[in-house]
2 protein chains.
Amino acid sequence: MSAPKLADIAKRAGVSIAAVSIALNNRDTKRVSAAKREEIQRIAAEMSYAPNELAKALAERRTRLLGLMVPLRDPIFFNHFVAQALSGIQSTLMRRGYNLLVYSPSGRPGRTTRDQILESKFTDGLIFINTRSCLPRDIAQTIQELDAAQIKFSMINSYYGRTPANYVGVDDAAIGEAAVRYLAEQKHRRIAFLSSSEKLPTHVHLLQGLRHGMAAHGLELPADRIGCTDYVESQAFAILDRWFENKRQRPTAIFCADDQLLMFFYDYIEARGMRIPDDVAVLGRGNAGLMSLLRPRPTAFYIPTFEMGALAAEMLIDSIEKPTETRQRILLPFKFEPGQTA
Amino acid sequence: MSAPKLADIAKRAGVSIAAVSIALNNRDTKRVSAAKREEIQRIAAEMSYAPNELAKALAERRTRLLGLMVPLRDPIFFNHFVAQALSGIQSTLMRRGYNLLVYSPSGRPGRTTRDQILESKFTDGLIFINTRSCLPRDIAQTIQELDAAQIKFSMINSYYGRTPANYVGVDDAAIGEAAVRYLAEQKHRRIAFLSSSEKLPTHVHLLQGLRHGMAAHGLELPADRIGCTDYVESQAFAILDRWFENKRQRPTAIFCADDQLLMFFYDYIEARGMRIPDDVAVLGRGNAGLMSLLRPRPTAFYIPTFEMGALAAEMLIDSIEKPTETRQRILLPFKFEPGQTA
DNA sequence: CTGAAAGCGCTAACAT
DNA sequence: ATGTTAGCGCTTTCAG
């Protein structure tokens with residue numbers, strides 16, 4: 001026996017299909033008498049009726065499904081970022097009655113926006129998680145194509161282009177500034193910046209904040225104290241060796257742009273037999289869950305990943321349900337937590 | 001202008017809707033002439049046609065969507081487990097052309113199987129991730145209800161009941177045995193087991209393996225060297241204090257049942273000013289990604305979370321596509337990686 | 001207040 | 001080889 005449908009209930013109750021649909025869905029309408037409604041509900045429960053969401057969605061022209069697009073390619077750090085964001089997204093969806101479709105991330109770089117559009121035919125809207133490796137230009141193009149296809153979407157992290165879009169990020173410039181302020185207050189004057197790659201938005205914004213902060217404190221950030229590692233550990237080691245070779249000129253504090261770089265730094269310190277914070281202070285930035293495992297406990301700025309996910313979902317649903325809603329670009333404040341490293 | 005549909009293409013091409021459907025879907029059939037097919041494909045591309053997956057699914061009676069049920073989340077450890085399993089699942093789905101619907105985990109414990117069944121109306125099958133906190137009895141009931149509703153499913157981790165079901169776990173008894181073997185070879189004779197809670201399947205199986213291994217090596221595991229923490233750090237500390245109070249009788253090696261317990265142990269060692277492995281050796285079990293962040297690097301058994309996800313998805317899809325397939329219960333082998341702690 | 005009928009966009013069995 | 005037709009299960013006018 002296959003799943004019971006409206007018609008089955010209608011037959012048993014001796015009413016029309018429409019009557020059943022109305023009785024079951026509109027909790028308070030006078031379209032159907034109280035007696036009939038109860039009868040219908042009883043029968044439905046008895047047959048353990050569950051609506052076919054597919055048919056429902058087809059008729060209603062909406063699925064209450066959101067799609068999540070994740071360019072999955074980075075190691076654990078990113079995994080964890082996604083997991084956190086996912087929790088946040090889910091917390092919103094739960095409250096607002098949506099579910100999440102996580103699209104299989106295609107390893108192949110050929111994954112075009114067109115594919116995404118195709119896939120989105122199942123959903124009411126799309127959430128994008130932009131990783132540190134997403135370039136502004138690519139994102140801008142994606143936005144254009146989505147708009148052309150009239151697909152609703154919102155983005156998490158790292159988008160700073162000019163095209164208007166719903167997105168939520170973190171205020172990296174503010175983090176950079178706060179980092180300098182904190183270190184300057186501890187009398188650090190030679191501060192270095194261990195980062196990812198020159199072109200990445202995060203790098204750019206942190207740097208901007210750092211420079212601003214340096215200026216405010218009468219300090220400066222010479223080019224040779226900015227290290228771009230491209231996330232290659234050996235490259236990070238080379239940069240650090242350069243910084244530390246001269247006892248007199250070595251930086252007294254390092255600011256690491258994200259958790260992976262912080263890990264590199266911990267590894268380096270261990271490899272060279274140094275100690276944090278005795279030999280050098282370090283300030284981190286990244287994901288709370290992961291960094292809390294490190295010892296000594298990092299003094300760090302935490303990215304509110306969960307909240308970013310929750311907010312991105314909220315924005316998207318708003319724009320779906322009230323199409324007039326104008327697009328918002330939100331930068332969430334960071335959290336700071338003192339540890340043992342600076 | 002709303003999205004183009006088959007009818008639009010049909011009109012433009014001067015053929016029937018069915019013809020378009022066939023031309024677009026069945027890459028190699030003689031149902032339609034080569035010329036017409038090309039013409040149709042050209043027009044479709046031109047209008048950037050994308051099929052309405054909903055309608056398609058309704059007609060085909062299948063969505064190529066799998067649902068993921070995740071019980072409410074524990075802290076980071078679990079987050080990461082889920083993220084890993086998710087990656088594995090996705091790798092299979094990608095290859096086999098499915099997508100994943102991640103159901104919002106309901107915080108409320110009242111989330112019944114019935115709810116899940118309701119939600120599953122969107123999917124072809126369900127994957128369950130059973131956490132360490134899932135009791136065998138509850139799982140068994142879930143299985144029964146799913147069967148009654150004729151819903152296909154597979155489970156990841158921690159199910160060891162008698163009801164037949166597709167599931168993939170890890171061979172904890174083998175891990176327990178291997179743990180003893182490894183430690184015994186290092187001449188450890190007083191080995192203690194820091195664990196979760198007596199009732200949990202993982203605990204039971206690890207213990208079974210440990211006892212077996214102990215016997216084989218002429219050792220024993222007295223009850224007072226089995227510590228159940230219920231994942232409460234203070235409880236863990238109390239147990240450890242008891243173990244370590246007597247210098248003569250203290251265990252020389254500890255086996256931790258999972259990563260969270262290992263973290264407790266590291267915290268304890270730090271708090272009491274001891275050193276690993278000088279004061280005590282420790283052997284872990286858990287998630288590769290997370291534990292690799294710890295220093296000293298743990299010597300540990302790693303659970304193949306990614307593979308478990310991939311396999312669970314594979315099994316589920318098989319059972320969907322070939323309904324004759326009999327149910328399988330697979331225990332994956334663990335991975336062992338030596339570190340600096342034992 | 002209730003039921004009949006017309007879709008939603010697509011597939012597949014059935015004619016031609 | 002191609003076109004026609006009847007659903008898939010539900011919602012929603014629109015008559016009665």
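On a predicted model such as this, the values are computed, not experimentally measured, just so you know. Proteins come first, then strands; the chains are lettered A, B, ... in the order of their sequence lines, and each starts at number 1.
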J.: What residues form a side chain to side chain contact (heavy atoms under 4.5 Å, CB included) with Lys5(A), not counting sequence neighbours?
T.: Ala7(A), Asp8(A)

J.: Within this structure, what is the CD1-to-C1' distance between Ile40(A) and dG3(C), rounded to whole angstrom?
T.: 12 Å

J.: Return whichever of Ala18(B) or Ala55(B) has its heavy-atom-nearest nucleotide of DNA chain C closer to the 5' end.
T.: Ala55(B)

J.: Using every non-hydrogen atom in the two residues, find where Leu331(B) and Val170(B) come nearest and quote the distance to one decimal.
T.: CD2-O, 3.8 Å

J.: Minimum heavy-atom separation for Leu66(B) to Thr123(B), with atom names?
T.: C-CG2, 3.9 Å

J.: Check side chain to side chain donor-acceptor pair (under 3.5 Å) between Asn52(B) and all other residues, then give those that pass, not counting sequence neighbours.
T.: none

J.: For a quick test of reading the model: is some side-chain N or O of Lys56(B) closer than 4.0 Å to OP1 or OP2 of dC10(C)?
T.: no

J.: Within less than 4.0 Å of OP1 or OP2 of dC10(C), is there a side-chain N or O belonging to Ser21(B)?
T.: no

J.: If we ignore hydrogens and angles and just use 3.5 Å, is the side chain of Ser87(B) paired with the main-chain N or O of Phe306(B) as donor and acceptor?
T.: no

J.: What residues, two or more places apart in sequence or in another chain, satisfy salt bridge (charged side-chain N to carboxylate O under 4.0 Å, His left out) together with Glu307(A)?
T.: Lys335(A)

J.: To the nearest angstrom, how far is Glu60(B) atom CD from dT11(C) atom P?
T.: 6 Å

J.: May I ask you to decide if the ring planes of His80(A) and His80(B) are parallel, tilted or perpendicular, using 30° and 60° as cut-offs?
T.: parallel

J.: Would you mind classifying the nucleic acid contact of Ala19(B) as base, sugar-phosphate or nothing, using non-hydrogen atoms under 4.0 angstrom?
T.: sugar-phosphate

J.: Using a cut-off of 6.0 Å, state whether more than 12 heavy atoms not belonging to Glu321(B) lie near its atom CD.
T.: yes

J.: Does Asn25(A) place a side-chain N or O at less than 4.0 Å from the phosphate oxygens OP1/OP2 of dT11(D)?
T.: yes

J.: May I have the distance from Ile22(B) (atom CD1) to dA12(C) (atom P), rounded to whole angstrom?
T.: 9 Å

J.: Tell me every residue that passes salt bridge (charged side-chain N to carboxylate O under 4.0 Å, His left out) with Arg12(A), counting only those two or more places apart in sequence or in another chain.
T.: Glu46(A)

J.: Send over the distance from Lys5(A) NZ to dG7(D) P, rounded to a whole Å.
T.: 10 Å

J.: For Ile17(A) and for Lys36(B), find the nucleotide of DNA chain D with the closest heavy atom, then tell me which residue's nucleotide is more 5'.
T.: Lys36(B)

J.: Whole angstroms only, please: what is the CG-C1' distance between Leu24(A) and dG9(D)?
T.: 13 Å

J.: Do other residues, nucleotides or ligands put more than 12 heavy atoms under 6.0 Å from the CD atom of Glu60(A)?
T.: yes

J.: In degrees rounded to 10°, what angle is found between the helical axes fit to the five outermost pairs at each end of the helix from dC1(C)-dG16(D) to dT16(C)-dA1(D)?
T.: 50°

J.: What does the list of N/O pairs under 3.5 Å between the protein and nucleotides 14-16 of chain D look like, with a distance for each?
T.:
none

J.: How many whole angstroms separate atom CZ of Arg62(B) from atom C1' of dA12(C)?
T.: 14 Å

J.: Between atom CG in Leu58(A) and atom C1' in dA6(C), what is the gap in whole Å?
T.: 13 Å

J.: So does Tyr49(A) get a side-chain nitrogen or oxygen closer than 4.0 Å to the phosphate oxygens (OP1/OP2) of dC10(D)?
T.: yes

J.: Expressed in angstrom and rounded to an integer, what is the separation of Arg61(A) atom CZ from dG7(C) atom C1'?
T.: 9 Å

